[in-house]
Asker: 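Please see the structure below; I have some questions.
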Amino acid sequence: MLLLLAGCTAKTDSKEDIVIANEEPSLDELLQDEKYVHTIYGELFTATSLAELESILATQLVQFDQQIGVIYKGQNLSPENVEQLLTKLKIEHDMIGGTLFYYEFAVVPIEQGFFLDLFSRFTTNKIEMASILPKRDALLSSLQLEGKAEREQLEAIHRAVIEGMDYNFEYDDLVRDHSPAGFFLYGTGVCQAYASAMHMLLVEAGFEAKLVYGELKSAIANDEKHMWNLVKVDGKWRHVDATSNDRGAGFANQVSKVYFMLTDEQLSATHIWQEADYPRAN
């Protein structure tokens, strides 16, 4: 019987029988270990094309899955492919774009092809959303939108978001400040909280809407990102930036309309975004 000691070799009758103890298992071996897979990923997914990979990531990210493992059996998978897919998902799936706070990933060659290990952090989760959704529905009910023109409905939602929260200049809770929970549960947050909460209200009220990711020209020197809403009203897309329209609770008229129902041309005077990624607001 061989006696294996950590960091040592066992003495045997033949040099050919020498065994090195405590060798690290390969990734291929770990992915065959059901206990390891269940502990780290819950389950593994398999994709044979970028389209299948996109579908898997979309399904899991909208469910706030923090650790996703995918065995990719397509021809090739590069970090650039994954980054492009994640950018696309943020733009095309607003629940992902509105709640995905941070991510990092690795693409590793394995015997079956490639392994994608994606770790994500979100601004909210399933448990918190269970508290947010009733708040959303109750607020919409209180606004009595039925029978009103679309612009009136938009004005009511816009006002409710601005009057329902304060901009948090302190950043004392970095994740919560970017969450729709900042509006629905805590009454404070930054631009992502304003925009994601407003988006949830707009969509539930029946509007076509998009979250827009960009920058304020005045903040470019500090590399500060910004988020606002694009909403279709009376058949035309228009920009609404509730964050910039919030003068603050100390003002008699807290709700500004400087950045309300603007075209691309009008908004481009102060905002920057990848216009090709979004519907045109002409």
Side-chain angles (χ1 to χ4, degrees), residues 94-95 97-99 101 123-124 128-214 216 218-219 224-234 237-262 266-267 270-271 281:
D94 289 312
M95 180 54 71
T99 61
F101 181 69
T123 62
T124 187
E128 194 170 66
M129 284 299 290
S131 298
I132 289 174
L133 295 181
K135 297 280 189 179
R136 177 203 63 187
D137 295 343
L139 176 56
L140 284 174
S141 178
S142 71
L143 294 178
Q144 300 180 337
L145 301 179
E146 189 174 350
K148 293 181 179 179
E150 287 188 351
R151 175 158 182 148
E152 290 181 287
Q153 294 182 36
L154 176 59
E155 289 177 343
I157 293 172
H158 175 250
R159 176 172 292 277
V161 169
I162 291 175
E163 292 181 343
M165 69 185 301
D166 296 316
Y167 191 90
N168 188 355
F169 293 95
E170 301 299 327
Y171 286 89
D172 54 355
D173 192 322
L174 189 59
V175 174
R176 189 185 72 190
D177 286 341
H178 289 77
S179 171
F183 170 73
F184 289 108
L185 303 181
Y186 306 108
T188 183
V190 295
C191 61
Q192 190 169 350
Y194 281 81
S196 59
M198 187 164 175
H199 179 79
M200 291 178 65
L201 291 164
L202 289 169
V203 171
E204 188 62 20
F207 285 93
E208 283 189 67
K210 301 292 295 181
L211 287 168
V212 185
Y213 313 92
L216 292 172
S218 60
E224 291 184 10
K225 305 302 180 183
H226 192 53
M227 185 181 292
W228 63 94
N229 301 92
L230 189 61
V231 56
K232 197 171 189 179
V233 182
D234 297 328
W237 287 96
R238 291 292 181 262
H239 294 273
V240 178
D241 185 349
T243 310
S244 297
N245 282 335
D246 188 353
R247 291 192 178 106
F251 285 80
N253 184 6
Q254 182 179 355
V255 182
S256 168
K257 288 189 178 179
V258 173
Y259 302 97
F260 183 80
M261 292 275 291
L262 299 188
Q266 291 170 327
L267 191 71
T270 53
H271 293 54

Asker: To the nearest 0.5 angstrom, please state how far the CG atom of L143 sits from the CD1 atom of I157.
Answerer: 6.5 Å
Asker: Any side-chain heavy atom of T124 sitting closer than 4.5 Å to one from F184?
Answerer: no
Asker: Please walk me through it: do F260 and L154 pass side-chain contact (heavy atoms from CB on, under 4.5 Å)?
Answerer: CA-CA 10 Å; F260 183 80; L154 176 59; 3.8 Å; yes
Asker: On a heavy-atom basis, which atom in P180 and which in M200 lie closest, and how many Å separate them?
Answerer: CB-SD, 3.8 Å
Asker: Are the side chain of T188 and the backbone of D166 linked by a donor-acceptor contact shorter than 3.5 Å?
Answerer: yes
Asker: What are the two closest non-hydrogen atoms of C191 and T243, and how far apart are they?
Answerer: CA-OG1, 3.3 Å
Asker: Does F207 have any ring pair (Phe, Tyr, Trp, His ring centres under 6.0 Å) partners at least two apart in sequence or in another chain, and if so, which?
Answerer: none
Asker: Under a plain distance cut-off of 3.5 Å, with no hydrogens placed, do D246 and Y167 share a side-chain donor-acceptor pair?
Answerer: no
Asker: Taking V255's backbone N and O only, do any of them form a donor-acceptor pair with E163's side chain (distance below 3.5 Å, no angle check)?
Answerer: no
Asker: CZ/R238 to CG/L267 distance, rounded to the nearest 0.5 angstrom?
Answerer: 11.5 Å
Asker: To the nearest 0.5 Å, tell me how far L201 CG sits from L140 CG.
Answerer: 5.0 Å
Asker: Q153 side chain to K148 main-chain N or O, any donor-acceptor pair under 3.5 Å?
Answerer: yes
Asker: Please name the pair of heavy atoms, one in A205 and one in L145, separated by the smallest distance, quoted to 0.1 Å.
Answerer: CB-CD1, 4.1 Å
Asker: I need the H199 NE2 to L211 CG distance, nearest 0.5 Å.
Answerer: 5.0 Å
Asker: Ring pair (Phe, Tyr, Trp, His ring centres under 6.0 Å) with F251: which residues, sequence neighbours excluded?
Answerer: none
Asker: Look only at the side chain of S142 and the backbone of L139, and say whether a donor-acceptor pair between them is shorter than 3.5 Å.
Answerer: yes
Asker: Quick one: list whatever passes ring pair (Phe, Tyr, Trp, His ring centres under 6.0 Å) with Y213, sequence neighbours left out.
Answerer: none
Asker: Which label fits H271 and W228: parallel for a plane angle under 30°, tilted from 30 to 60°, or perpendicular past 60°?
Answerer: perpendicular
Asker: Strictly distance-based, threshold 3.5 Å: is any side-chain N or O of Q192 a donor or acceptor partner for the main-chain N or O of D177?
Answerer: no
Asker: Quick one: do D241 and L262 satisfy side-chain contact (heavy atoms from CB on, under 4.5 Å)? Show the steps, please.
Answerer: CA-CA 9 Å; D241 185 349; L262 299 188; over 6 Å; no
Asker: How about Y194 and M227: do any of their side-chain heavy atoms sit closer than 4.5 Å?
Answerer: no
Asker: I need the minimum non-hydrogen distance between G98 and T123, along with the two atoms involved.
Answerer: O-OG1, 3.9 Å
Asker: I need the minimum non-hydrogen distance between A130 and P134, along with the two atoms involved.
Answerer: O-CD, 3.1 Å
Asker: Under the salt bridge (Lys or Arg N to Asp or Glu O under 4.0 Å) rule, collect the residues that match up with E128, sequence neighbours excluded.
Answerer: none
Asker: Just do the side-chain contact (heavy atoms from CB on, under 4.5 Å) check on L216 and S244 with the steps written out, would you?
Answerer: CA-CA 10 Å; L216 292 172; S244 297; 4.3 Å; yes
Asker: Residues in ring pair (Phe, Tyr, Trp, His ring centres under 6.0 Å) with Y186, at least two apart?
Answerer: none
Asker: What residue pairs, at least two apart or across chains, pass salt bridge (Lys or Arg N to Asp or Glu O under 4.0 Å) with a residue in residues 247-262?
Answerer: E155-K257
Asker: side-chain contact (heavy atoms from CB on, under 4.5 Å), that's the test. Do M95 and M129 meet it? Break it down for me.
Answerer: CA-CA 11 Å; M95 180 54 71; M129 284 299 290; 4.1 Å; yes
Asker: Shortest non-hydrogen contact from H158 to S256?
Answerer: CE1-O, 3.4 Å
Asker: Counting N and O atoms only, with roles assigned by atom type, does the side chain of N168 sit under 3.5 Å from a partner on the main chain of V190, one being a donor and the other an acceptor?
Answerer: no
